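Here the structure is laid out as structure tokens; the discussion comes afterwards.
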Amino acid sequence: MQEHLAEVQKKELTILCAIRDICEKHGIDYWLDGGTCLGAVRHGGFIPWDDDIDIAMRKEDLPRFIDAAKQELPDNLFLQTQETDPAYNMPITKVRDKNSIIIEYGDDMSLPYNKGLFVDIFPFVPYPNISRRLCKKIAKGYCRANSILHKKHTYSWRSIAELFWFGAKKMCCFIVWKIVCLFTGKKAYFSNTLAENGYGIMHEASAIFPTKPITFEGETLRGPANPDAYLKELFGDYMQLPPEDKRKGHAAFYMEKLI
């Protein structure tokens, strides 16, 4: 699989540039996120062993992007949401290449959703002004419960008990989250939606906005205002390379071209 990685990365970069062009045309702000932002800072592009691209945008801007992308993406690309691909059950918007395939370890091969190479688009929302410790506790509890509730269950008394237990846990975490949002104010911090933030990451708004140009594989894109602060929140000492046995991508299998 490794021999195909360079071509996989090249195709993913093409998807990213198509997203950038739409965002620039319609004045939609976005920024490189996660390992893609890390790659831009530490390597000037892809982390050498990485096989995906992550970007983020404000959740309130996502509908505008979706509307524009439906009309303006090149014919070889597919906007994947739960609306455009009913078999797809993830809350993350993706733009996929139609003539390729990538299988991640969590993919359900029994469902016929599009599995082409992709760029993830994570929606960011304002967070309450609470301690990181409390944020992590709520987010981890909510995400764990949400993940278990969305897994396939076989009928048993244990599965029924789990549905009640984790359903109640998810509801409690959600209620606590709403209360702290109501009484502490928001917009000092931003991060991924609660359902997709199992680590309880909180970025200071000033670390993201205003976004600024960043170079990735020779292309000018948008990055966070303070990449150093942004990446430290995500990875700690982000300039330190991981051990060689940890230098792996996310996919179990990929092919950059099907026909």
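The structure presented is a predicted model; accordingly, all values stated were derived computationally and were not measured.
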Legend entry - Atom pair CG (Asp33) and NE2 (His203), whose distance is rounded to the nearest 0.5 Å: 6.0 Å
Inset, instruction - Classify the side-chain pair Tyr30/Asp61 by whether it contains a donor and acceptor separated by less than 3.5 Å. - result: no
Inset, instruction - Sequence neighbours left out, what passes side chain to side chain donor-acceptor pair (under 3.5 Å) with Asp120? Give chain and number order. - result: Lys94
Legend entry - Full working for side-chain contact (heavy atoms from CB on, under 4.5 Å) between Ile19 and Ile55: CA-CA 10 Å; Ile19 294 171; Ile55 69 169; 3.7 Å; yes
Legend entry - Pairwise distance CG(Leu79) to CD1(Ile66) - rounded to 0.5 angstrom: 6.0 Å
Inset, instruction - Calculate, to the nearest 0.5 Å, the distance between atoms OG1 and CG belonging to Thr193 and Leu62 respectively. - result: 10.5 Å
Legend entry - Stepwise side-chain contact (heavy atoms from CB on, under 4.5 Å) check, Met57 with Ile121: CA-CA 7 Å; Met57 64 178 61; Ile121 305 175; 3.9 Å; yes
Legend entry - Side-chain donor-acceptor contact under 3.5 Å, Asn146 with Lys170: yes
Inset, instruction - Would you verify whether the NZ or CZ of Arg132 falls within 45 degrees of the ring axis of Tyr189 while also being under 6.0 Å from that six-membered ring's centre? - result: no
Inset, instruction - Only counting residues at least two apart or in another chain, list the ones meeting side chain to side chain donor-acceptor pair (under 3.5 Å) with Ser100. - result: Asp97
Legend entry - Verdict with supporting geometry, Leu38 and Leu32, side-chain contact (heavy atoms from CB on, under 4.5 Å): CA-CA 9 Å; Leu38 172 58; Leu32 302 189; over 6 Å; no
Inset, instruction - State whether the number of non-hydrogen atoms from other residues, nucleotides or ligands found under 6.0 Å of Asp245 atom CG is greater than 12. - result: yes
Inset, instruction - Give a yes or no on whether the ring-centroid distance for Phe190 and Phe209 is below 6.0 angstrom. - result: yes
Legend entry - Within 6.0 angstrom of Lys98 NZ, more than 12 heavy atoms from elsewhere: yes
Inset, instruction - Check the side chains of Tyr113 and Asp107 for a donor-acceptor pair under 3.5 angstrom, ignoring hydrogens and angles. - result: yes
Legend entry - Side-chain donor-acceptor pair present, Thr211, Asp29, cut-off under 3.5 Å: yes
Legend entry - Residues which pass side chain to side chain donor-acceptor pair (under 3.5 Å) with His26, listed by chain and number, not counting sequence neighbours: Glu72
Inset, instruction - Determine, using the 4.5 Å side-chain heavy-atom cutoff (strictly less than), whether Leu77 and Tyr88 are members of one ILVMFWY cluster. - result: yes
Inset, instruction - Report the C-alpha distance between Met90 and Gln80 in whole Å, list the side-chain angles of each, state the deciding distance to 0.1 Å, and finish with yes or no for side-chain contact (heavy atoms from CB on, under 4.5 Å). - result: CA-CA 10 Å; Met90 295 290 290; Gln80 186 176 50; over 6 Å; no
Inset, instruction - Consider only side-chain N and O atoms of Asn197 and Tyr127, and report whether a donor and an acceptor are under 3.5 Å apart. - result: yes
Legend entry - Separation of Cys143 SG from Ile138 CD1 (nearest 0.5 Å): 11.5 Å
Inset, instruction - Could you tell me if the ring centre of Trp31 sits under 6.0 Å from that of Phe122? - result: no
